[in-house]
Amino acid sequence: MEKVTIKVFRGTPEEGEISTYETPTFPGMVVLDAIHYIQQNLEPSLACRWNCKAAKCGSCSAEVNGHPKLMCKSSIEEYPSGEITVTPLKTFPLVKDLVTDVSWNYRVSSRIPPLVPKPDAAGKPFNMQQIDVERVQEFRKCIECFLCQDVCHILREHDRTDAFYGPRQMVKLASLDMHPMDNLDRKESIKNDGGVGYCNITKCCTEVCPEHIHITDNAIIPLKERIADEYYDPIQGLLRKIGIIKRTTKQPFDSVPNEQTTVHSAR
Amino acid sequence: MVEPYDIFEYDVLIVGAGGAGLRAAISAKEAGCSVGVICKSLLGKAHTVMAEGGVAAALANMSSPDGAKEPDGWEVHFVDTMKGGAFLNNWRTVEIFTKEAPERVLELEQYGAVFDRTPEGAIAQRPFGGHKYRRLNHVGDRTGLELIRTLQDKAVGTGMNVHMEVTLTKLLLNDGRVVGAFGYYRETGKLVVFKAKAVVLATGGWGRMYRFTSNSWEGTGDGLMMAYEAGAELLDMEMIQFHPTGMIWPPSMRGILVTEGVRGEGGFLKNKNGERFMFNEDYTPALYKGQFAEEPEEGLRWLEDKKNNRRPPELLPRDVVSRAVYREVQAGRGCEHGGVYLDVTHRGAGYILKKLPSMHEQFHALGNLDITKEPMEVYPTVHYTMGGVRVSPEECATTVPGLYAAGEVAAGLHGANRLGGNSLSDIMVFGKRAGDAAAAFAKTQNSHGTIDESQIETELNTLLDPLTATEGENPYAIHQELQEEMQKNCMIAKTEEGLTHCLETIISLQGRAKRLKMSGGRIFNPGWHAARDVRFMLRTSEVITRCALLRKESRGAQWRIDYDHLDNEYWGKHNLISQKDGDAVKIEARLLDPLPPHLKVLFEETK
Ligand code: SF4
Ligand code: SF4
Ligand code: FES
């Protein structure tokens with residue numbers, strides 16, 4: 001392939017269309033290179049986000065031929081037809097061209113309190129074994145590209161941003177709830193604020209995750225199970241009542257002040 | 001009359017949301033101040049995420065096979081950092097840094113960072129170039145991501161005002177004191193003013209004026225230049241670090257780093273004749289003679305038995321390896337695309353997949369290259385700026401009242417060359433100190449200073465003229481010419497002749513950049529943003545080039561082919577300080593503070 005045809009969405013929420021550009025190709029080229037070529041040579045005002053160009057920052061998310069992808073991790077050679085369509089993430093409000101307003105994700109994230117160390121671990125070096133932190137480390141690989149948020153039908157088709165935090169935040173909640181030193185009882189919040197029950201395990205999020213995090217199997221399903229144990233399991237409930245197993249000893253969710261963070265939006 | 005703009009008022013304004021900015025924000029909020037954080041990109045995307053190796057702090061967690069703890073401590077870390085910086089560092093800054101780094105790392109763990117563990121359950125530490133003991137606390141090869149995400153989550157949990165995708169272009173002054181900042185929303189192109197009692201600059205480094213750089217589009221020197229325009233002194237601007245193994249082929253990967261880990265796992269550097277040129281004894285400086293393997297066989301044995309063998313010379317410090325690569329290419333022994341080969345194929349696919357999984361994946365996905373089968377092609381790439389805004393060691397105060405700076409934009413800690421791993425601890429130690437000091441200063445101010453509309457108006461005109469101009473140059477074209485020139489004449493090997501040429505080119509480009517033209521409107525228009533950026537880059541490049549011309553010696557990252565020696569008599573005792581003087585740059589060689597006796601003895605003790 002000497003040349004590739006790039007069809008890019010150009011426009012604002014008011015009006016827009018697909019514009020077609022031709023760009024030369026070079027070895028190893030990725031879709032983001034094509035977008036940069038267009039910016040530098042054909043259309044300087046073409047808007048896109050990027051930072052690292054190394055699949056580490058999660059900025060360059062877009063839909064390539066309809067699939068949520070990092071543009072810097074999508075090789076041109078994956079598209080042998082020589083025609084590639086690039087459109088913005090559909091789930092989030094459009095700003096311009098390939099840029100969408102993803103600030104909702106940050107607002108939701110700021111409602112999740114950070115780690116609250118257990119009293120006997122607070123203020124001193126943690127003693128934890130590698131095997132006990134590995135599970136959490138998988139979740140912490142997340143680069144916040146929001147591709148999983150984009151693909152999840154609860155947000156994408158049903159627009160339930162009011163009820164469900166989305167797979168990215170389930171991963172974050174799991175990383176805290178399964179942290180060996182966290183002392184905050186997050187279950188109620190995971191259920192009521194996070195809306196984990198809305199997920200019906202279609203696994204679409206896992207498929208698009210560029211960090212290969214097993215979002216559904218390792219984060220969401222265990223969270224669902226923890227909550228089911230706590231709220232619905234009759235045997236556990238009984239044992240708890242007669243004091244054989246204790247209710248969680250973690251400190252209540254509302255015992256930490258939720259400091260107000262405001263994520264401002266330009267519009 | 002200036003067009004309408006939004007106004008926000010905070011006690012402390014943090015410019016930049018990488019590790020330093022976020023750590024400063026946490027401190028300022030905990031001190032009881034209202035805090036605004038300005039991100040040029042989205043929150044959590046800053047350059048901090050690129051750091052792989054780890055965060056250096058002498059926790060002394062590691063033991064040798066016989067069970068004895070490695071005798072690490074701040075004293076050894078101090079000596080290593082000063083040596084690495086070729087003694088151009090500010091000793092007081094280094095002292096504070098090495099003493100406080102362990103505390104900051106442990107605090108990060110309390111905030112939620114999940115480091116890799118030792119068998120005893122403590123934070124695991126790995127060895128790295130220039131550090132005497134295993135000192136890099138890490139999470140696989142994504143330590144930077146762990147650090148920024150942890151600080152981000154802690155910061156939003158502490159409570160602040162986050163303004164994403166805002167570019168600031170001017171610090172507003174009143175009576176010589178910083179009272180706020182002005183800029184625009186990238187999304188809408190509308191204007192915004194932040195009033196503040198104190199401002200912390202945490203805008204990172206600048207590498208975009210070079211063609212080969214690991215920096216993102218953000219590294220244009222805007223934060224640095226805002227401080228310069230406000231009258232702040234800059235320090236050590238000639239000191240720019242090159243990482244020896246940046247990718248140069250395929251072109252899509254140009255500038256992307258290949259971690260030192262590839263060489264650590266046995267990767268060879270080879271020229272086009274297949275020779276492992278690092279074994280050429282001319283490349284090993286006297287200081288390191290006898291400390292590295294002299295035969296390839298010993299280098300191979302080292303991989304299995306580190307105690308009885310010396311490490312291969314591919315693992316010499318960054319500046320040494322960069323110079324060797326440059327010399328090979330100059331001598332016509334480079335590979336087809338102008339670099340050298342970095343080859344790890346001999347280690348076998350199984351081993352590579354186990355030890356370097358993310359490197360393997362990265363090359364495969366990003367460059368369609370299988371590093372288990374083919375060598376990589378590498379060349380030195382601009383990586384880090386040791387120089388920057390001059391600040392006081394204790395408070396990170398710049399020479400402008402109300403203005404503080406921390407992290408890569410500030411200077412003094414790393415001297416002429418930074419050790420790997422020291423940047424992540426730098427941003428936490430001095431991010432915290434800057435946040436504390438800015439909060440304390442803000443509390444001494446009863447009210448916000450008055451904003452002088454005329455300063456906004458001047459800046460606004462500069463900003464908007466490319467959009468209204470009927471004719472002018474394309475900023476991308478000027479940027480490209482600047483990159484070519486800096487790459488050719490202000491890169492790794494410098495000469496009087498090349499630098500003079502470079503300076504002339506910069507000055508002529510500055511003239512052309514007075515008239516820029518850009519199409520499109522103000523809504524998320526990268527071309528328009530590039531117009532302001534290129535002017536910042538031109539001025540930054542001018543300061544770098546002038547300083548490199550003045551320092552007539554070779555030290556750390558500064559390599560002058562025409563003055564190929566250390567001049568300890570004069571230059572070893574002087575820093576270069578640059579300051580705005582009308583339209584000109586005033587540069588002064590200023591005497592370093594000599595090491596006090598209590599630190600001098602450390603060099604005897606740790607020998
Ligand atoms: S598995 Fe759940 S969270 Fe993931 S895409 Fe499906 S519904 Fe959404
Ligand atoms: S979980 Fe994966 S897909 Fe979702 S935001 Fe994180 S990295 Fe992206
Ligand atoms: S640019 Fe950072 S992930 Fe693509």
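Throughout, a chain's letter reflects where its sequence line sits, starting with A, and its residues are numbered from 1.
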Heavy-atom contact with chain B under 4.5 Å, split by part of [X]:
{"X": "A:A122", "value": "both"}
{"X": "A:K172", "value": "side chain"}
{"X": "A:E78", "value": "neither"}
{"X": "A:V136", "value": "side chain"}
{"X": "A:P125", "value": "both"}

In Å, rounded to the nearest 0.5 Å, how long is the span from [atom1] of [X] to [atom2] of [Y]?
{"X": "A:I143", "Y": "B:I148", "atom1": "CD1", "atom2": "CD1", "answer": "13.0 Å"}
{"X": "A:D101", "Y": "B:M164", "atom1": "CG", "atom2": "CE", "answer": "7.5 Å"}
{"X": "A:K56", "Y": "B:H47", "atom1": "NZ", "atom2": "NE2", "answer": "11.0 Å"}
{"X": "B:E120", "Y": "A:N127", "atom1": "CD", "atom2": "CG", "answer": "9.0 Å"}
{"X": "A:Q260", "Y": "B:N161", "atom1": "CD", "atom2": "CG", "answer": "9.5 Å"}
{"X": "B:R149", "Y": "A:S175", "atom1": "CZ", "atom2": "OG", "answer": "10.5 Å"}

What residue in [options] has the most heavy-atom pairs under 4.5 Å with chain A?
{"options": "B:T118, B:V49, B:V114, B:V166", "value": "B:V114"}
{"options": "B:E107, B:K29, B:M253, B:E361", "value": "B:E361"}
{"options": "B:G121, B:S216, B:G219", "value": "B:G121"}
{"options": "B:V192, B:N368, B:V162, B:L106", "value": "B:V162"}
{"options": "B:V35, B:V37, B:L42, B:I523", "value": "B:L42"}

Residue [X] versus chain A: region with a heavy atom under 4.5 Å:
{"X": "B:P475", "answer": "neither"}
{"X": "B:W528", "answer": "neither"}
{"X": "B:S214", "answer": "neither"}
{"X": "B:Q110", "answer": "both"}
{"X": "B:S41", "answer": "side chain"}
{"X": "B:Q362", "answer": "side chain"}
{"X": "B:A530", "answer": "neither"}
{"X": "B:E103", "answer": "neither"}

[X] versus [Y], closest heavy-atom pair with distance:
{"X": "B:P526", "Y": "A:Q39", "result": "CG-NE2, 3.4 Å"}
{"X": "B:S252", "Y": "A:P27", "result": "OG-O, 3.8 Å"}
{"X": "A:V133", "Y": "B:R117", "result": "CG2-CG, 4.0 Å"}
{"X": "A:T261", "Y": "B:M160", "result": "OG1-N, 3.0 Å"}
{"X": "B:A365", "Y": "A:S75", "result": "O-CB, 4.4 Å"}
{"X": "A:S45", "Y": "B:S519", "result": "CB-O, 4.3 Å"}

Exercise for the section: If the plane angle is over 60° it's perpendicular, under 30° parallel, otherwise tilted; pick one for B:F8 and A:H264. Expected result: perpendicular
Problem - Residues of residues 46-54 of chain A contacting chain B, heavy-atom criterion under 4.5 Å, by residue number - result: A:L46, A:A47, A:C48, A:R49, A:W50, A:N51, A:C52, A:K53, A:A54
Exercise for the section: Compute both the distance and the angle, then confirm whether B:K45 meets the cation-pi test with A:Y106: under 6.0 Å from the six-membered ring centre, within 45 degrees of the axis. Expected result: no
Less than 4.5 Å apart, any side-chain heavy atom of [X] and any of [Y]?
{"X": "A:E144", "Y": "B:Q152", "answer": "yes"}
{"X": "B:R186", "Y": "A:V99", "answer": "no"}
{"X": "B:P250", "Y": "A:F26", "answer": "no"}
{"X": "A:Q137", "Y": "B:R142", "answer": "yes"}
{"X": "B:Y111", "Y": "A:P114", "answer": "no"}

Could you tell me which of [options] has the largest number of non-hydrogen atom pairs under 4.5 Å with chain B?
{"options": "A:H36, A:K73, A:H179", "answer": "A:K73"}
{"options": "A:R111, A:R140, A:M181", "answer": "A:R140"}
{"options": "A:L176, A:V102, A:D132, A:D33", "answer": "A:D33"}

Practice task
For atom NE2 of A:H67, decide whether the heavy atoms of other residues, nucleotides or ligands shown that lie under 6.0 angstrom number more than 12.
Solution key: no
Problem - Residues, nucleotides or ligands: over 12 heavy atoms within 6.0 Å of B:E9 CD - result: yes
Practice task
Please test A:Q130 against B:D116 for side-chain contact (heavy atoms from CB on, under 4.5 Å), starting from the C-alpha separation and ending with a verdict.
Solution key: CA-CA 6 Å; A:Q130 184 61 34; B:D116 288 349; 3.9 Å; yes
